[in-house]
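Data block below; observations after.
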2 protein chains.
Amino acid sequence: MALTVVGSIAFDAVKTPFGERERMLGGAATHFALAASFFDEVRVVGPVGDDFADSDMAILATRGTSTDDVERVAGGKTFFWAGEYGWDLNSRETLDTQLGVFETFEPKLSQASREAEVLFLANIQPDLQRSVREQCEEARFVALDSMNLWIDIARDSLVRTISQVDCVILNDAELRQLTEKPNLVQAARAVREMGPDVVIAKQGEYGAVLITEGTFFALPAYPLETVVDPTGAGDTFAGGFVGYLSRHSADGLDDAVLRRAMAYGTALASYNVEEFGTERVARLTPAEIGERVADLERITRFEDAPIELRA
Amino acid sequence: MALTVVGSIAFDAVKTPFGERERMLGGAATHFALAASFFDEVRVVGPVGDDFADSDMAILATRGTSTDDVERVAGGKTFFWAGEYGWDLNSRETLDTQLGVFETFEPKLSQASREAEVLFLANIQPDLQRSVREQCEEARFVALDSMNLWIDIARDSLVRTISQVDCVILNDAELRQLTEKPNLVQAARAVREMGPDVVIAKQGEYGAVLITEGTFFALPAYPLETVVDPTGAGDTFAGGFVGYLSRHSADGLDDAVLRRAMAYGTALASYNVEEFGTERVARLTPAEIGERVADLERITRFEDAPIELRA
């Protein structure tokens, strides 16, 4: 089994109250692949420029991730994003975006990438996401991320793309914007009526919620004393979540598997934000992931006991 | 065993996207008592004016709550608050506050109220909270709520009061403001260093977190399709939480009890917001509370399973 991801590979300049990096490896596909590769073989599809170094490519290829479909555009520049976070890390300002090779990106998947059983469409223009979706005819589980920009300027295309996927992973504010429903339960139902069976609302420092026809499962974020750089947390979460499902896709994705996938995504995202960019996840170990999943079980568990209430 | 609460008894005018009420029974002590009285005998301490009707007093006295220490101030007016909520109910604007009888309130507790083993200091001026705290010498467990106003204008007094209680229940934004620490784990530690063993961060629609020396427990809010009026949710949560602890205070407040108390508070708060003011909780049944606590167990539970991660 293999898992294909299409999305941005980027250089990021990030400033937070705890430090800054002028140029580091980033991008949704990068963060996703680093996380998902703990679970399954990953194939990355996306463009880079001449400025993309072999050392960057080596990080992308961690744990055997295939970079065969990483298109190196001659004379092109790798996507660049610069942003700055506020004191509580919950607000961020984009300072610069240079699309570079992404401006003319048309995803062309190799036969191997097309044959993936699981596909993740990271946040790119929804027409491109749909073109990839249509190239992967055998995919049994397709998940999608997006952002407020596409809801603003390409909503119809985004809704068409959503109708062709199994799972939508969005920030809760984006879910509200997309559906124009302020209530999360209603917003998730509206997205499920577009087609997908599974809706995930990412809630930043508060965690994430999974909603299917029969299930509502809420998981808090892992409590951290030090958050250094939230960039890529959502894509790392998606990598853990979709990666876990890819590994288990042959067994059928029942409720228990979906919940565990949420826990692995949450554990991975918690490591991602402890250092800048890919720094922490690049050297993460399986044992460390397991520790935080076990912690999350303890953090969330309670058991009711009989009590006679006064009436 | 009995539980004493001191705090506001009020009339509220509330407008939300789903309707409005021009004048309804409200106030922190009211919401708290309605919830806590499911668990234990409650005694309410607070002032009202001539305008406070017998029918209002009857609601306050639901489930045998003692109103002996509700002081009716001749010629006075009951505390009045008017507010309006935004479309997603997460923002609210105060339109009017008339302190009325609260302007000259000096809490005088009867012997019975002083003898309470458990005490809740709802959000009032911190000097008054401390005066009540000092009158209740036998209290074994004292919890406190506050608000941004007191952090702004009476921080030193608030910190002194906090140093004399066992549990602080604040919104997470207030915890951050009080401690000037944007990180919740650090903020909770800073509050615990002021004295209390237990810190609860209320997170509105995202739920609540309990932090003690050895425990971090996060519980989501109960997922609702319809939220009509969030007013009093925090006090209803506190009523369920402190009420549950009051009922179990003789057994010792171990981790499992604290977690269950969080679940009961959360379940009660979820009912509170489904209708205006006290309307829903006033006719709530024990069976309904039990149902939502059981739901919360299902909503939050996952179990890890062995998996060999790729390295």
Side-chain angles (χ1 to χ4, degrees), chain A residues 17 37-41 63-64 87-90 176 182-186 189 203 205-207 209 211 215-221 223-227 244 247-248 256-257 259-260 262-264 285-287 289-290 293-305 307-311, chain B residues 17 37-41 63-64 87-90 176 182-186 189 203 205-207 209 211 215-221 223-227 244 247-248 256-257 259-260 262-264 285-287 289-290 293-305 307-311:
Chain A
S37 55
F38 278 107
F39 303 93
D40 212 342
E41 198 181 306
R63 280 176 290 280
W87 83 295
D88 67 357
L89 298 172
N90 284 326
R176 287 173 172 146
N183 177 285
L184 181 60
V185 176
Q186 290 183 29
R189 181 182 306 126
Q203 301 175 321
E205 64 163 326
Y206 299 112
V209 168
I211 300 162
T215 290
F216 187 102
F217 173 59
L219 190 67
L224 292 170
E225 198 152 334
T226 310
V227 177
Y244 190 92
R247 175 74 163 268
H248 293 83
V257 172
R259 287 174 183 235
R260 282 199 286 271
M262 290 273 288
Y264 278 87
T285 67
I289 298 169
V293 171
D295 284 346
L296 282 167
E297 264 192 79
R298 284 189 286 274
I299 285 166
T300 56
R301 183 150 302 199
F302 77 95
E303 276 169 70
D304 195 13
I307 179 172
E308 197 172 328
L309 297 178
R310 302 168 79 235
Chain B
S37 56
F38 278 106
F39 304 92
D40 213 342
E41 197 182 307
R63 280 176 290 281
W87 83 295
D88 67 357
L89 299 172
N90 284 325
R176 288 174 172 144
N183 177 284
L184 180 60
V185 176
Q186 290 183 31
R189 181 181 308 124
Q203 302 174 321
E205 64 162 326
Y206 299 111
V209 169
I211 299 162
T215 289
F216 187 102
F217 173 60
L219 190 68
L224 292 171
E225 200 152 334
T226 309
V227 176
Y244 190 91
R247 175 73 162 267
H248 293 83
V257 171
R259 287 175 182 233
R260 282 200 285 274
M262 290 273 288
Y264 279 87
T285 67
I289 297 170
V293 171
D295 283 347
L296 282 168
E297 263 192 81
R298 283 189 286 274
I299 285 166
T300 55
R301 180 150 304 200
F302 77 95
E303 276 170 69
D304 196 13
I307 179 172
E308 196 171 328
L309 298 178
R310 300 169 80 237

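In this structure, the portions of B:Asp304 lying under 4.5 Å from any heavy atom of chain A include both its backbone and its side chain. A:Leu296 touches chain B through backbone and side chain together, each having a heavy atom under 4.5 Å away. Contacts between B:Ala221 and chain A at a heavy-atom distance below 4.5 Å are absent for every atom of the residue. Residue contact with chain A, scored on non-hydrogen atoms closer than 4.5 Å, involves the backbone of B:Arg298 exclusively. The part of A:Tyr206 that comes within reach of chain B is its side chain, from C-beta onward, which places non-hydrogen atoms under 4.5 angstrom from that chain. Interface remark: B:Glu308 contributes backbone and side-chain atoms alike to the contact with chain A (heavy atom separation under 4.5 Å). No part of B:Asp295 comes within reach of chain A, as not one of its non-hydrogen atoms sits under 4.5 angstrom from that chain. For chain A, the nearby parts of B:Ala311 are the backbone and the side chain; heavy atoms of each come within less than 4.5 Å.
For the set A:Val257, A:Leu224, A:Leu89, A:Thr226, the entry with the most heavy-atom pairs within less than 4.5 Å of chain B is A:Leu224. Chosen from A:Ile307, A:Thr215, A:Thr285, A:Asp88, the residue pairing most often with chain B at heavy-atom distances under 4.5 Å is A:Ile307. The candidate from A:Pro17, A:Ala294, A:Ser37, A:Ala263 with the greatest count of non-hydrogen atom pairs under 4.5 Å with chain B is A:Ser37. Note: B:Ala218 leads B:Gly64, B:Ala218, B:Pro220 in heavy-atom pairs under 4.5 Å with chain A. In terms of heavy-atom pairs under 4.5 angstrom with chain A, the leader among B:Gly207, B:Ala256, B:Pro286 is B:Pro286.
Taking 4.5 Å as the limit, some side-chain heavy atom of A:Arg301 sits within range of a side-chain heavy atom of B:Glu303.
Note that CZ of B:Arg63 is 9.0 Å distant from CG of A:Leu309, once rounded to the nearest 0.5 Å.
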message: The test is salt bridge (charged side-chain N to carboxylate O under 4.0 Å, His left out); show your working for B:Arg310 and A:Glu41 and say whether it passes.
response: CA-CA 9 Å; B:Arg310 300 169 80 237; A:Glu41 198 181 306; 5.4 Å; no
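Of all heavy-atom pairs between A:Ile299 and B:Phe217, the closest is O-CD1, 3.1 Å. Scanning both residues, B:Ala305 and A:Tyr264, for their nearest heavy atoms gives O-OH, 4.0 Å. Between A:Val293 and B:Phe302, the closest heavy-atom pair is O-CZ, 3.7 Å.
With B:Gln186 contributing its side chain and A:Glu225 its backbone, the two residues share a donor-acceptor pair below 3.5 Å.
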